[in-house]
Undergrad: 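Handing you a structure now.
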Amino acid sequence: MTDALVIGAGPAGLMAAEVMAARGLSVTVADAMPSVGRKFLMAGKSGLNLTKDEPFDAFLSSYGELSEPIVAALRAFGPDAVIDWAQGLGQPLFTGSTGRVFPTVMKASPLLRAWLRRLTGAGVTLRTRWRWQGWDGAALRFDTPDKPQFLTPEVTILALGGASWARLGSNGTWAAHFPNAIAPFAPANMGFVVPWSDHMTRFFGAPIKSVALHVGHQYSRGECIVSKSGIEGGGVYAVSRAVREGAELTMDLRPDWSLDRIRAALAKPRGKASRSNHLRKVLRLDPVHLALLAEFGRPYPDDLAPLIKALPIRHAGPRPLDEAISTAGGLRLDALTDNLMLRTRPGVFCAGEMLDWEAPTGGYLITGCLATGRLAGLSAVGYATDS
């Protein structure tokens, strides 16, 4: 018997379990995978960027357009609250030069272990290899290693994740249980496919440094990487939403140089030098810059300077959904009340990446998952108390 059931043991589900257990509910967390928090642990391999330490209005604006329930969740549990929460779990943090906040140990496992100790200490029961199969009347059905299980908790939190990194448990198959309430899934924070010509093969894996990406009014100075399949990296992810939606992607190969300075450099006598050597010398371009210029710029125009400042990066669309860092689309917010309860199933609340919202890299996704998990948990407590 359990008062509250949480399906999905990622950050959103565990936060919902924490707030419900702290308020006296008997909580069970069920997850389909053999262990909990697998995508959370994968995020920790690159340092576990928990949140972004910046003024809240700037923080909120980085998400783009958000539905009011997500905004309310973030206002109630924003960057400062995330920092306090992690430190309360005994995890020292530091803030990088760009405002990104990380555990000092630069990984997720110590935080997750401390969190699970606190949850089990509060009486939360964890069930792994429990795969949710939908509803059977009023009961929630699970396939488990032993036999099917049917649970009828007073309140339920669905925190089922997005549709990327299926091997970690986020495969989006849960969407079949909401046939009329799903915004189509799309990759978010992803690279783009480029069918490179043969001369680019020697640059696979090479970083593209000291460049800027432009997409409309968006501007990104983050590092990019030439991969076998295309172009990726933090600089690309920062503008990936607009590119996915059809905006043109251009690269400034010399972002700190004005157009006039580039023209003046190009006007220097070339002598017997090849075009590539001349460009390398007068513009201080690296070999990968020159390769990209040849890949996307030929045939070269007479006035090369504007091309140096806005090299069009031609691509064949986003990398596959399962390779994306996160997911756009999911359960539409109009299927929920403002406190994240399903309109068609009273007592069932939803949280995390399964909802139709999108976050850039930089700590925004984890903060949003924690915040919506907290809101769903508090809403469930209120529902259970009033029932």
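In this chain, numbering begins with 1 at the start of the sequence shown.
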Undergrad: Between the side chain of Thr104 and the main-chain N/O of Pro92, is any donor-acceptor distance below 3.5 Å?
TA: yes

Undergrad: Leu355 and Cys350: which non-hydrogen atoms are nearest, and at how many Å?
TA: CD2-CB, 3.8 Å

Undergrad: Is it the case that atom CZ in Arg270 sees more than 12 heavy atoms from other parts of the structure closer than 6.0 Å?
TA: yes

Undergrad: Show, in sequence, the C-alpha distance, side-chain angles and deciding distance for Val105 and Leu111, and conclude whether the side-chain contact (heavy atoms from CB on, under 4.5 Å) test is met.
TA: CA-CA 10 Å; Val105 295; Leu111 188 152; over 6 Å; no

Undergrad: Of all the heavy-atom pairs spanning Met15 and Gly373, show the shortest one and how long it is.
TA: CG-C, 4.2 Å

Undergrad: Grab the two heavy atoms, one from Leu290 and one from Ser276, that are nearest each other, plus how far apart they are.
TA: CD1-O, 3.8 Å

Undergrad: Hey, what do you get for CZ (Arg374) to SG (Cys369), rounding to the nearest 0.5 Å?
TA: 15.5 Å

Undergrad: Indicate the ring-plane relationship of Trp85 and Trp115, choosing parallel, tilted or perpendicular according to the 30° and 60° boundaries.
TA: perpendicular

Undergrad: Assess whether a salt bridge exists between Arg319 and Glu232, defined as any Lys/Arg side-chain N lying under 4.0 Å from an Asp/Glu carboxylate O.
TA: no

Undergrad: Donor-acceptor pair, distance only, cut-off 3.5 Å: does the side chain of Asp322 make one with the backbone of Ala166?
TA: yes

Undergrad: From Leu158 CG over to Leu340 CG, what is the distance, rounded to the nearest 0.5 angstrom?
TA: 11.5 Å

Undergrad: Is there a donor-acceptor pair under 3.5 Å between the side chain of Trp357 and the backbone N or O of Gly352?
TA: yes

Undergrad: Ignoring hydrogens, what is the shortest heavy-atom contact between Ala294 and His199? Give both atom names and the distance.
TA: CB-NE2, 4.2 Å

Undergrad: Give me the atom names and distance for the closest heavy-atom approach of Pro187 to Arg244.
TA: O-NH1, 2.7 Å

Undergrad: Say whether, by atom type as modelled, one donor and one acceptor occur between the side chain of Glu223 and the main chain of Pro207 under 3.5 angstrom.
TA: no

Undergrad: Grouping I, L, V, M, F, W and Y whenever their side-chain heavy atoms are under 4.5 Å apart, do Tyr63 and Met354 come out in a common cluster?
TA: yes

Undergrad: For Lys39, which of Ser164, Ser326, Ser170 qualifies under side chain to side chain donor-acceptor pair (under 3.5 Å)?
TA: Ser164

Undergrad: So if you build clusters from Ile, Leu, Val, Met, Phe, Trp, Tyr with side-chain heavy-atom gaps below 4.5 Å, do Trp130 and Val348 land together?
TA: yes

Undergrad: Do Ile182 and Trp135 sit in one hydrophobic cluster, given that two such residues count as connected whenever their side-chain heavy atoms are within less than 4.5 Å of each other, even indirectly?
TA: yes

Undergrad: Verify, without hydrogens or angle tests, whether Ser274 (side chain) and Asn277 (backbone) share a donor-acceptor contact under 3.5 angstrom.
TA: yes

Undergrad: Quick test of your reading of the model: are Arg263 and Asp303 salt-bridged, counting only N-O distances below 4.0 Å?
TA: yes

Undergrad: Ignoring hydrogens and geometry, is there a side-chain-to-backbone donor-acceptor pair from His289 to Asp286 under 3.5 Å?
TA: yes

Undergrad: How long is the straight-line distance from CG of Leu140 back to CZ of Arg345, given to the nearest 0.5 Å?
TA: 7.5 Å

Undergrad: Can you check whether Leu336's main-chain N or O pairs, donor with acceptor, with Arg343's side chain at less than 3.5 Å?
TA: yes

Undergrad: Hey, does Ile308 have a side-chain heavy atom less than 4.5 Å from the side chain of Trp257?
TA: no

Undergrad: Verify the distance criterion only: is there a donor paired with an acceptor across the side chains of Glu295 and Ser197 at less than 3.5 Å?
TA: yes

Undergrad: Pairing donors with acceptors under 3.5 angstrom, does anything connect the side chains of Asn339 and Thr337?
TA: yes

Undergrad: Do you know which two heavy atoms are closest between Gly377 and Met20, and how far apart they sit?
TA: O-CG, 3.5 Å

Undergrad: So how far is it from Leu266 CG to Leu279 CG, rounded to the nearest 0.5 Å?
TA: 6.5 Å

Undergrad: Answer yes or no: is there a donor N or O on one side and an acceptor on the other, between the side chain of Asp136 and the main chain of Arg141, under 3.5 Å?
TA: no

Undergrad: I'd like to know whether Thr201 forms a side-chain contact (heavy atoms from CB on, under 4.5 Å) with Trp196, so could you lay out the CA-CA distance, the side-chain angles of the two residues, the decisive distance to 0.1 Å, and finally the verdict.
TA: CA-CA 8 Å; Thr201 57; Trp196 299 113; over 6 Å; no

Undergrad: Taking Ala359's backbone N and O only, do any of them form a donor-acceptor pair with Asn189's side chain (distance below 3.5 Å, no angle check)?
TA: yes

Undergrad: Starting from the C-alpha separation in whole Å, work towards a yes-or-no answer on side-chain hydrogen bond (donor to acceptor under 3.5 Å, both in side chains) for Lys52 and Thr367.
TA: CA-CA 9 Å; Lys52 184 78 174 291; Thr367 297; over 6 Å; no

Undergrad: Using a strict 4.0 Å threshold on nitrogen-to-oxygen distance, state whether Arg23 and Asp3 make a salt bridge.
TA: no

Undergrad: Would you say Ile231 and Val215 are hydrophobically clustered, going by side-chain heavy atoms of ILVMFWY under 4.5 Å?
TA: yes

Undergrad: Is it true that a side-chain atom of Asp143 and a backbone atom of Pro148 form a donor plus acceptor pair closer than 3.5 Å?
TA: no

Undergrad: According to a 4.5 Å side-chain heavy-atom criterion applied to Ile, Leu, Val, Met, Phe, Trp and Tyr, with indirect links allowed, do Leu5 and Ile157 form part of one hydrophobic cluster?
TA: no

Undergrad: Please walk me through it: do Ser258 and Asp260 pass side-chain hydrogen bond (donor to acceptor under 3.5 Å, both in side chains)?
TA: CA-CA 5 Å; Ser258 68; Asp260 288 342; 5.4 Å; no

Undergrad: Indicate whether the side chain of Ser229 and that of Ser227 have a donor and an acceptor atom separated by less than 3.5 Å.
TA: yes

Undergrad: Would you say Asp146 and Thr144 are linked by a side-chain donor-acceptor pair, where the criterion is simply a distance under 3.5 Å?
TA: no

Undergrad: Once rounded to the nearest 0.5 Å, what's the spacing between atom OG1 of Thr361 and atom CZ of Arg100?
TA: 5.0 Å

